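All ligand and atom numbering here is 1-based and tracks the order in the structure. All values reported here derive from a predicted model rather than from experimental measurement.
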Amino acid sequence: MAAFAAHTGAATSLRLPSSTAILTSGGGGRRRRRWGAAAAASRVSTCSAAGRGTVVIGLAADSGCGKSTFMRRLTSVLGGEAVAPRGGNPDSNTLISDAATVVCLDDYHSLDRTGRKEKGVTALHPRANDFDLMYRQVKAIKEGRAVEKPIYNHATGLLDRPELITPPKILVLEGLHPMYDERVRGLLDFSIYLDVSNEVKFAWKIQRDMAERGHSLESIKASIEARKPDFDAYIDPQKQHADAVIEVLPTRLIPDDDDDDDDEGKVQRVKLIMKEGVKHFAPAYLFDEGSTISWIPCGRKLSCSYPGIKFAYFPDTYFGREARNT
Ligand SMILES: Nc1ncnc2c1ncn2[C@@H]1O[C@H](COP(=O)(O)OP(=O)(O)O)[C@@H](O)[C@H]1O
Ligand SMILES: O=C(COP(=O)(O)O)[C@H](O)[C@H](O)COP(=O)(O)O
C-alpha cells in the first residue's frame with residue numbers, strides 16, 4: 001500500500017487553495033480518464049488477485065471528497081486505462097481497466113431524485129439505498145457470477161436500465177456506504193475512508209455539481225445543509241471500520257486566535273492512517289519502519305511564522321486499534 005502514501009505526499013500540513021490537488025494529482029470529473037500511471041505504477045507494493053477470485057476494495061466518503069478521482073488514479077496504478085463499459089449507457093458510472101472494475105454505489109439508490117424529494121430523504125439515508133441488492137450482487141461477483149447492476153443517472157436523477165458487470169480481478173466499490181451494511185462490509189478485503197474537511201469538500205462539490213451535474217449554486221448549498229445530519233449519522237461513522245483513512249483536516253499548527261492572514265485558514269493536515277494487522281496490506285511508513293520520525297524545516301527558510309511544512313510518522317491508535325500515522 002505504499003501507493004497510498006505516495007499519493008498523499010505524506011505531508012501532515014500543507015497550504016491548500018480549494019482547487020489544489022492533494023490526494024492525487026488528477027482532479028477532475030467522473031469522465032476524465034488519463035493520469036500519470038507510469039510514475040505511480042512503480043510504487044505499488046501489494047495487491048495481487050492472482051488465482052484468488054475477485055478482491056473487493058471499498059472506498060467511502062461524502063459527496064465531493066474525491067472518491068471517483070482517487071479511484072480513477074488507483075485503477076491506473078493497478079494497470080491499464082480505466083474506461084466506461086464499451087457500447088453501454090454514456091451516463092454509466094462504472095469504469096473498467098485491465099485489472100479492476102470500479103462500481104459507484106450511487107447505482108444502488110432505491111429512490112430516484114424525485115422519489116427522494118417526495119419522501120423527504122437525502123441520498124445518504126439508508127431508506128434511499130437498496131443494501132439487500134448491493135449485498136447480493138457484490139457476493140455474486142465475489143463468487144464469480146456476472147450481475148445486472150442498476151445505473152443511477154446523475155445527469156437526469158433517474159434510475160436507468162441495468163448494465164452487465166462481469167467478475168474482475170479487483171472490484172472497487174466507491175460511494176457513500178460501502179462499509180455501512182454489515183453484510184457488504186464483510187465482503188470487503190480492504191477499505192478506505194476519505195475524511196475531508198467541510199471547506200475543501202464543499203468547494204470541490206460545488207464546482208463539480210455545477211459543471212457536470214447541472215445543479216444551481218443555491219440548490220447545492222441547500223442540499224449541503226440538508227445532508228449534514230445524515231452525513232453525521234450514516235457516513236462519517238464508517239471511518240471506524242476502515243483499514244486506511246486519508247484525512248484532510250484543518251491544521252493544528254496554527255493557533256485558533258490567529259486570523260491575520262486569510263491564507264492560513266487554508267493550511268491543512270493531511271494524514272494517512274493505516275490499521276495494523278490487515279491481511280495482505282502492510283502499512284506504509286516514512287524512512288524507517290517502526291521509528292517515530294518528524295521533520296520541520298529551518299524557520300529562517302520560511303516566509304511565515306509557522307512551520308511551512310511538517311512531516312511525521314508515528315505509531316498511534318485509531319478507534320481503539322493499533323495504527324500508523326504518516
Ligand atoms: N485530489 C484532488 N485534487 C484536486 N481536486 C480534486 C481532487 N479530488 C477531487 N477533486 C475535485 O473535486 C471534485 C469532486 O471529486 P469527485 O472525485 O467527483 O468526488 P466524489 O466522487 O467523492 O463525489 C472533482 O470534480 C475535482 O474537481
Ligand atoms: O451523494 C451523492 C453521491 O454522489 P457523489 O459521491 O458522486 O457526489 C449524490 O448526491 C447522490 O448520488 C444523488 O446524486 P444527485 O445529487 O446528482 O442526484
Checking the side chain of [X] only, and the main-chain atoms of [Y] only, is there a donor and an acceptor separated by less than 3.5 Å?
| X | Y | answer |
| --- | --- | --- |
| Lys67 | Asp62 | yes |
| Ser92 | Thr94 | yes |
| Gln238 | Met179 | yes |
| Thr54 | Pro168 | yes |

What atoms of ligand 1 come within less than 4.0 Å of a heavy atom belonging to [X]?
| X | result |
| --- | --- |
| Thr69 | 8 (N), 9 (C), 15 (O), 16 (P), 17 (O) |
| Ser63 | 23 (O) |
| Ser68 | 16 (P), 17 (O), 18 (O), 20 (P), 21 (O) |

Show me which atoms of ligand 2 lie under 4.0 Å from any heavy atom of [X].
| X | result |
| --- | --- |
| Asp106 | 3 (C), 4 (O), 5 (P), 7 (O), 12 (O) |
| Arg116 | 13 (C), 18 (O) |
| Arg227 | 1 (O), 2 (C), 9 (C), 10 (O) |
| Ala123 | 11 (C) |
| Lys67 | 6 (O) |

Ring geometry between Tyr152 and His109 (parallel below 30°, tilted from 30 to 60°, perpendicular above 60°):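 It falls in the perpendicular class, over 60°.
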Heteroatom distance test (Gly64, ligand 1): nitrogen or oxygen, under 3.5 angstrom: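 Yes, since at least one N or O of Gly64 sits under 3.5 Å from an N or O of ligand 1.
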Backbone or side-chain N or O of Glu174 under 3.5 Å from ligand 1 N or O: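 N/O-N/O distance under 3.5 Å: no.
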Part of Gln207 within contact of ligand 1 (heavy atoms, under 4.0 Å):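 Near ligand 1, Gln207 shows its side chain, while the N, CA, C and O stay back.
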Nearest heavy-atom neighbours spanning Asp189 and Asp243: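 So the two residues come closest at O-OD2, 4.1 Å.
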Of the listed options Met71, Arg208, Arg213, closest to atom 25 (O) of ligand 1 (non-hydrogen atoms):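 Looking at heavy atoms only, Arg208 sits closest to atom 25 (O) of ligand 1.
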Option of least heavy-atom distance to atom 11 (C) of ligand 2 (set: Lys117, Glu174, His109):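 It is His109 that holds the nearest heavy atom.
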Polar proximity ligand 2 side, Asp62 side, N/O cut 3.5 Å exclusive: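 Min N/O separation from ligand 2 is not below 3.5 Å for Asp62.
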Single-linkage hydrophobic cluster Leu188~Leu59, side-chain heavy atoms < 4.5 angstrom: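 Cluster IDs for Leu188 and Leu59 differ.
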Per-residue contact class, Asp209 against ligand 2 - non-hydrogen pairs under 4.0 Å: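 Contact part for Asp209 vs ligand 2: neither.
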Asp62 to ligand 1, any heavy atom closer than 4.0 Å: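 Distance cut 4.0 Å: Asp62 passes for ligand 1.
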Salt bridge present between Asp230 and Arg127 (N-O < 4.0 angstrom):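 Arg127 and Asp230: not salt-bridged.
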Side-chain ion pair, Asp132 and Arg183, N-O less than 4.0 Å: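 A salt bridge links Asp132 with Arg183.
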Check against side-chain hydrogen bond (donor to acceptor under 3.5 Å, both in side chains), Asp288 and Tyr313: CA-CA 9 Å; Asp288 182 21; Tyr313 162 73; over 6 Å; no
